Structure formats: structure tokens, C-alpha cells
Amino acid sequence: MMSYLSALAAGAGNVFSWPNILVPILGTLIAMFSSFLPGIGGTSLAALMLLLTLHWDPVQVLLLFGALTGGATYMGSVTAILFNIPGNASSAAAMLDGHAMARRGLPRTAIAAAATASAVGSLIGVVVLVALLPIVRPFILQFGPLEKLLLGIWGLTTIVALPTRSTSRAFGAALLGLMLAMVGSDPTTGAPRWTFGSLGLYDGFNTVVVLLGFFTLSEVMAWRTRLSVSAAATSGDIQDSTWAGIRSVFTNFGVTLRSSILGTLVGIIPGVGGTVASFVAYGQAVQATKGDRSGFGKGDVRGLIAPEAAVDAKDGGSLLPTLAFGLPGSESGVILLSVLVIHGFVPGLPMLTTDLSFSFTLIVALLLSNILTSVVGISLAPLLARLTRLRIDRIVLPVLIASLVTVVQLNGSVEDIYFALGFGVLGYLFGQFDWPRIPFVIAFVLGRFLESNLALVVQLVQVGRLNVLERPAALGVAALVLISLVWMTRKGTITSRSRAEKAELGLGFPTTFALGLTLLAVILVVTGLLSRPAYGYYAIGVAVTAACLCAMITLGLYIRFKVQGSGLSLPGFPLEHRLPLALMTVLGPGIFLFGLPMAIGAFTAAWYCRWEKLDRSMTLKSALAGGLAFGVTWIYLDRFAMVILPPPAISSFVGSLADM
């Protein structure tokens, strides 16, 4: 015990000695700044710093990467709260209630609550990490594919607890999310699945691309004529203040504590990551809530506290498999593992014995970074909250262009823009026709995780290497799943609409949209059946179930429309949304034909123009705005991002004509 405490003291001494203390402080500030920019995140920054620190002292390297791990987590949630743009994939859950709070006029409360929950979650995560470090080996070895599969199912049970006005649509959206998560390649055979010949789809849809499209691009369609992100808080709301956000974390300390412990345990499991931790914690917050749950997804502060605490607690947990076994617990853990090896550290027994003080150096640097990030976040909350008062119609174009450029920069693929635009339109239609978006996102995020572990479980069963009764961890997680389902069923979580609202569902446009989703599922089913050897029973089963459920929803809407629709007017798209929706729809073909910079320039000019006031002056201003967008996009992608774009189709066509 004394040597353990001595190693802890030595690690803390490495962090707080002069000038070492400057390294985690500067690393935290750099990570905060980079994470505030959508799509860049901690992994890209860590990869860059890996190259810049090859000749650094090992202690200073540990201090820097501990700070980068902690500082990159929280600030990604700030853009999610303010603008519904996730700074990284793990901050996506913060959009569900965080942005809704900002829309209600409570941005300062939301930012402060997120910062405080992050600090508390990080502290709990590090305490659990320090306590478990000597005894962690048997626990980690217990978590194999079966336990991970059950953990994913536990997260998926969240959908049952979410308040929704249509149970069938909630499950339909979840099945669609699971189905689209399977686009790419089969985890068992590696055979392409639902790629339709596109190499860009072989690895599936990128999670950040989907989230940017489904939430951000669908949101900005309504920004063109909106004056601000949030309205002033009404007298019935709680007062928007930093202290209100801080108090909410401790008022709901049960949610904070449960989510922090859950995030730590999820982080310990190699390969799971913060995105799963955040959505599982969000679901458990909904499930454990007593009384009315209708506020979740509409600005309930508990829906923000839970994922924030879990994601920061996950950072501490994810260090366990990295240090003890050399198994990265997240994407950033891969970079950290490379750093340890490059600088002579051997993950495993040495990091828990002879190099234990270095392990504690990394851990204390992580804790310091998380606390510093939260302090800065709370201090800047009043300033950041003012961003929601900006004229949103004036900043929407920079936000939109930054999102599109971010999508390209993620993988250097223009095809990702097509996917993001497609999911943007889909997310807009989900909101317009009252299909719940949260079940879709949860199912999509957990879909690949579920399927890959299910495939491993099936293989283990086939070779007789899996006995459930000999795996106490699996029995424990299975018990949690059953308890959650029984708990949610007894509490009756689903709310219903009034008769007038139900009648409104049976109108023409919602019926057409449901029919479109049905056709999409049917196309995937037919494709899978025609190429049966390349598609497993799981993929076909999910697609068939989705097609049947969507068909039932369509039939129900059609019957209501025929019975009740004669006396009701058809709801079209709001007038102010029609131009943004049309521009978003044609932007993809425009990029294909004319290239990304030219298409964004034309898109900007058309978006900026006020067509009802079209004159020579407005034409000139629109042309200048389009030219500026073209130039900035081209220079950034070519000179800074170093992204090589494919030639536009029109140039290839003209070149072929010239050759003739």
C-alpha cells in the first residue's frame, strides 16, 4: 500500500512541479480550442501532437496527452448546446436536451450544468480508476463479446423509456437506425452490404457525418429567417444563470453519480468509446426518472447532466485497459497507446508496477485537465451564452459552410457530403412529420457495436466456446437489462396524443413520407434476398421487420387520411423552409457536376439572395457573397486542409468532347 501511495505522490509531483505544470495547462487550452471547432476533435489533435513530441521528455509527453484527453471532451458539447453541432461524436447526446435548453432561453444554465457535470464525472472516474488499478485485470478479462452485446442491448432498451407520442413510430425509427447502421460490410465475411457499388459506403456511414447531417443540417434549414437561436426565457421558466446550472448537477446528484459510475465502467471495456457511454447514460437517466418524463428531448437538464458526466468519467475508465493490457478503450486511446510505445513505456504489468508513478502522472494530468476545462467553461458561460443572441440568419451560412467543409475534412471524401445532405433532409422530414429522432440516433450509434459483437457470439457458440452460466459478468448485465425492462414497463413511459393530434397524423404528406420509408426498407430487403449469401440472418431480419412495421404505419395513416382527411387541409412545408430545403436537395448534384467550391459559391449566392426584393443591388451582393464563399472554400481545402478533391463531372465531360 505504501509503494502504491508513494507512486501516486510521485505522479502528482510530476504534474504540479515547475515548469511541468505549464504543459497540461497549455495542452488543455489547445484541446479546448480545437474541440470547439466542429468535426476536428481530440483524435485529430492527438495525432498531430504525436508527431510534434517525438523528441520530448517522456514525463512531459504524458502530461500533454493526459491534458489532451481531458480537454478535448467538454468543449465539443458547447457547440452541441449552442448551435446543435456536435464537436465530436461523443457530444452528440448533449444536443438532445442541451440545445433544447438553449432554444428555451437557458444557454448559460446548460453550459454551466454541462461543465459541472463534466468535472464531477471526471473526478469520480479518476477515483474509480485509482481504486481499481491494482485489481482490474480479472474484471477486464470477464468482458468479452457476449458482455458487450448485452451492454449494447441495455443501451437499446432506452428506446422503450423515451417519452413519445407514437410507440410504433419510435420502434420504426429505431429499426431504420439499426438497418442503416448495417450499410457497409458484413462483420463476419467482409462482403459488401447495401453499398450499391460505392467504395465510399464500404466502411458504412461515418457517425459524425450522420449526426452533423441529421441534427445540424436539418436544423439550419429553419435558420434562414430566424433572428436568434434562443428566445428569452419566459417567466414560468427557471432563471437562466450560471449558478442555476451548477446547482442542477447537485440537485440531481443521483443522476450525476449513476451516470459517472456507468461511464467509468463503460470506458473500462475496450473498444466501446464515449458515444456508447453517453447514450447508455442518457437512457438510464430517462429510465430512472420518477413521474413525468415528457421533458426529455425538450430541455430537461437531467438529459444533459447524464451524458456529460458519463463521457468525462469514461476518460478515466478508458485508461485502465490501455495501461493494464495495451488495449485502447476509445479512438484517442489508440493514439495514446502509440505514444506510450514510442517513448519506451510497456503497457501491462510494468505500467502497474515499476512504472506505476508514470501511470499516475498521466491520470493526475487527466484529472487536472478536466477540472481546468470545467472551470474555464463555467467562467466563459455568460460570454458563450451571448452567442445564442447573434443574428442567426447572418451566421447560418458560415456555420453551414463550416459543417460541409468539416464533413469533407474528416475522411477526405466528397461522398461524405452527399451522405450528410441526405441525412440532413431525412432529419428535417423526421421533425416535420413527427417521427422521433432520438430512437433513430441511439439505434444507429449502437447498431454496428451490436452486430459485430453478435457475430462474435454466434461464432463462439458454433465452436462450443461459450457457456453463459460460466460468465458471471454476462449474467449481471443480463439481469440489468431485465430489471430495466420490467421497471420501464411498470412505469408506463409512453404518452399519447390528443384526438385532434392523432387526426392530424392521418394526413397526406405524413402518409407519403411513411410510404417512402417503407419503400426504402423494401428495396434493402429485396437487395439482400437477391444477394442472400452476402447477407446474414440478422441483417435480413432487421430489414424485413423495419419494412413490415413501416408498412403498417403507412396503412394506418392512409386509412385515417381516407376517413378523416376530407375535412382537413394538407400540411405542406412552411414557406420559409422551402428554399433552404430545395437548395439542400440540389447541392449534392451540384457538387458532383461543378465541384465543391463552385457549388458552395452558387449555394451561398442563392441562399443569401432575398428573392422577394431582387434588384441590381441584391444581385451584386449575392454574387459577392457567392464569390467569397467559393474563394474561402477553395483556399482552405487546397492550402490548409490539404484535401485532394476529384475533378467535377462537367470538366470530364468537356474534356471528352474536346478529345473528340
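Any value given below was found using the heavy atoms of this structure, including those in side chains, with hydrogens, waters and symmetry copies removed. Bear in mind that the values here come from a model prediction, so they are computed numbers and not experimental data.
Counting only distance, with no hydrogens or angles, the side chain of R258 and the backbone of Q284 share no donor-acceptor pair below 3.5 Å. Listed for the S379 side chain is a donor-acceptor partner under 3.5 Å among the backbone atoms of V375. No donor-acceptor pair under 3.5 Å is formed between the side chain of T116 and the backbone N or O of A113.
Contact record, A115 with S374: O-OG, 2.8 Å, taken as the closest heavy-atom pair. Nearest heavy atom pair, residue S260 against residue A313, reads O-CB, 3.1 Å. Closest approach of S122 to L367, counting heavy atoms only: OG-CD1, 3.9 Å. Summarising the geometry of S241 relative to A244, their closest heavy-atom pair is OG-N, 3.1 Å, with the distance given to 0.1 Å. The two residues V311 and S278 have their closest heavy-atom pair at CG2-CB, 3.5 Å. Nearest heavy-atom pair, A285 versus R302, reported as atom, atom and distance to 0.1 Å: CB-O, 4.3 Å.
Distance CD/E308 to CD1/I81: 6.0 Å, rounded to 0.5 Å. Put simply, CD1 on I30 and CD1 on I25 are 12.0 Å apart, with the number rounded to the nearest 0.5 Å. Here the straight-line distance linking atom OG1 of T361 with atom CG of L356 works out to 9.5 Å at 0.5 Å rounding. Note: I153 CD1 to K148 NZ = 14.5 Å, rounded to the nearest 0.5 Å. To the nearest 0.5 angstrom, T28 atom OG1 is 9.5 Å from L366 atom CG. With values rounded to the nearest 0.5 angstrom, I246 atom CD1 is found 10.0 Å from T109 atom OG1.
Residues F358 and L340 are not in side-chain contact: their nearest non-hydrogen atoms beyond the backbone lie 4.5 Å or more apart. The shortest distance between side-chain heavy atoms of S248 and I305 falls below 4.5 Å. Side-chain contact check for N20 versus V15: every heavy-atom pair is 4.5 Å or farther apart. Counting only heavy atoms from C-beta outward, the side chains of N14 and F360 never approach each other to under 4.5 Å. Between S118 and N370, every side-chain heavy-atom pair lies at or beyond the 4.5 Å cut-off. Counting heavy atoms from C-beta outward, L450 and L178 have side chains that approach closer than 4.5 Å. The closest side-chain heavy-atom distance from V301 to D97 is not below 4.5 Å. F440 places none of its side-chain heavy atoms less than 4.5 Å from the side chain of R169.
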May I have the step-by-step check of side chain to side chain contact (heavy atoms under 4.5 Å, CB included) for T264 and V127, ending in yes or no?
-> CA-CA 10 Å; T264 305; V127 169; over 6 Å; no
Check step by step if side chain to side chain contact (heavy atoms under 4.5 Å, CB included) holds for I111 and L82.
-> CA-CA 9 Å; I111 293 172; L82 296 179; 3.8 Å; yes
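Ring geometry for F205 against F444 counts as tilted: the plane angle lies between 30° and 60°, on a 0 to 90° scale.
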